[in-house]
Asks: 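Before I ask anything, here is the structure I am working with.
All heavy atoms count here, side chains included; hydrogens, waters and symmetry mates do not.
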Amino acid sequence: FESEKVRVDTDQEFTDFEVTATDELLAEVASQADQFVAGCIARTEADPAGCPNSTYGYRLQDVRWALDAKPTYEVTSTYGGGWRFTTKTPGRATVTAKERSFLDDEEPRDFTDQDTIDLSGDVTIDGDTVTVDIENYF
């Protein structure tokens, strides 16, 4: 990741800086976020803990998630000099399952639902190592 040197004098002048993420940083953040989402999509729960995908149904079984569209992300600098990523365009996931009836003698019916995939978090850069810390608010 590129660094830039700046000279700052001690007079009363102020300078504004606009810091933008490199394409390499954005690609690394997207890769880590996509890996996180893939792990969540592989889960077999209706509401996997710590994941952005969830659905609500009664007594669901054989739950399967499929990612229909990956989210896109943006990386911005924070006021304190750090980095943060957010979803630019939400992704979409479909869940299929069997929903058991209230009555034990009825066959389970097919269940399908869709959910948006939206996540954000902090980005830490230490040398050439980028670490994405995804918020766990789902």
Asks: Residues in ring-ring contact (aromatic ring centres under 6.0 Å, His included) with Tyr56, at least two apart?
Replies: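 Testing Tyr56 for ring-ring contact (aromatic ring centres under 6.0 Å, His included), a comparison that skips the adjacent residues, returns none.
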Asks: What salt bridge (Lys or Arg N to Asp or Glu O under 4.0 Å) pairs are there with at least one residue in residues 49-64, not counting sequence neighbours?
Replies: Arg59-Asp104
Asks: Excluding sequence neighbours, so at least two apart, what forms salt bridge (Lys or Arg N to Asp or Glu O under 4.0 Å) with Glu74?
Replies: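 For Glu74, no residue satisfies salt bridge (Lys or Arg N to Asp or Glu O under 4.0 Å) once neighbours in sequence are set aside.
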Asks: Taking the side chain as every heavy atom from C-beta outward, state whether Phe111 and Val63 have any pair of such atoms under 4.5 Å apart.
Replies: no
Asks: Can you list the residues that meet the side-chain contact (heavy atoms from CB on, under 4.5 Å) rule with Thr89, with sequence neighbours excluded?
Replies: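 Thr72.
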Asks: With sequence neighbours left out, what residues match Asp34 under salt bridge (Lys or Arg N to Asp or Glu O under 4.0 Å)?
Replies: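 Salt bridge (Lys or Arg N to Asp or Glu O under 4.0 Å) list for Asp34, sorted by chain: Lys70.
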Asks: Using side-chain heavy atoms (C-beta onward) and a distance below 4.5 Å, is Thr124 in contact with Asp133?
Replies: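 The answer is no; the side chains never approach within 4.5 Å.
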Asks: Once side-chain contact (heavy atoms from CB on, under 4.5 Å) is applied, do any residues pair with Ser31, and if so which ones, sequence neighbours excluded?
Replies: Gln35
Asks: Pairs in or reaching into residues 80-122: which pass disulfide bond (SG atoms under 2.5 Å apart), with residues at least two apart or in two chains?
Replies: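 Every pair satisfying disulfide bond (SG atoms under 2.5 Å apart) with a residue in residues 80-122: there are none.
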Asks: Just to verify, what does Glu106 make a side-chain contact (heavy atoms from CB on, under 4.5 Å) with, not counting sequence neighbours?
Replies: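 Partners of Glu106 under the side-chain contact (heavy atoms from CB on, under 4.5 Å) test: Ser101, Leu103.
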Asks: Who pairs with Asp122 by salt bridge (Lys or Arg N to Asp or Glu O under 4.0 Å), at least two apart in sequence or on another chain?
Replies: Arg84
Asks: State which residues pass side chain to side chain donor-acceptor pair (under 3.5 Å) with Thr55; sequence neighbours excluded, sorted by chain then number.
Replies: Asp113
Asks: Under the side chain to side chain donor-acceptor pair (under 3.5 Å) test, which residues partner Lys98, sequence neighbours left out?
Replies: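 Testing Lys98 for side chain to side chain donor-acceptor pair (under 3.5 Å), a comparison that skips the adjacent residues, returns Asp110.
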Asks: Testing the basics here: between Leu67 and Arg92, what is the closest heavy-atom pair and its distance to 0.1 Å?
Replies: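 Closest approach of Leu67 to Arg92: CD1-O, 3.5 Å.
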Asks: Go through the structure and list residues passing side-chain contact (heavy atoms from CB on, under 4.5 Å) with Ala30, not counting sequence neighbours.
Replies: Tyr73
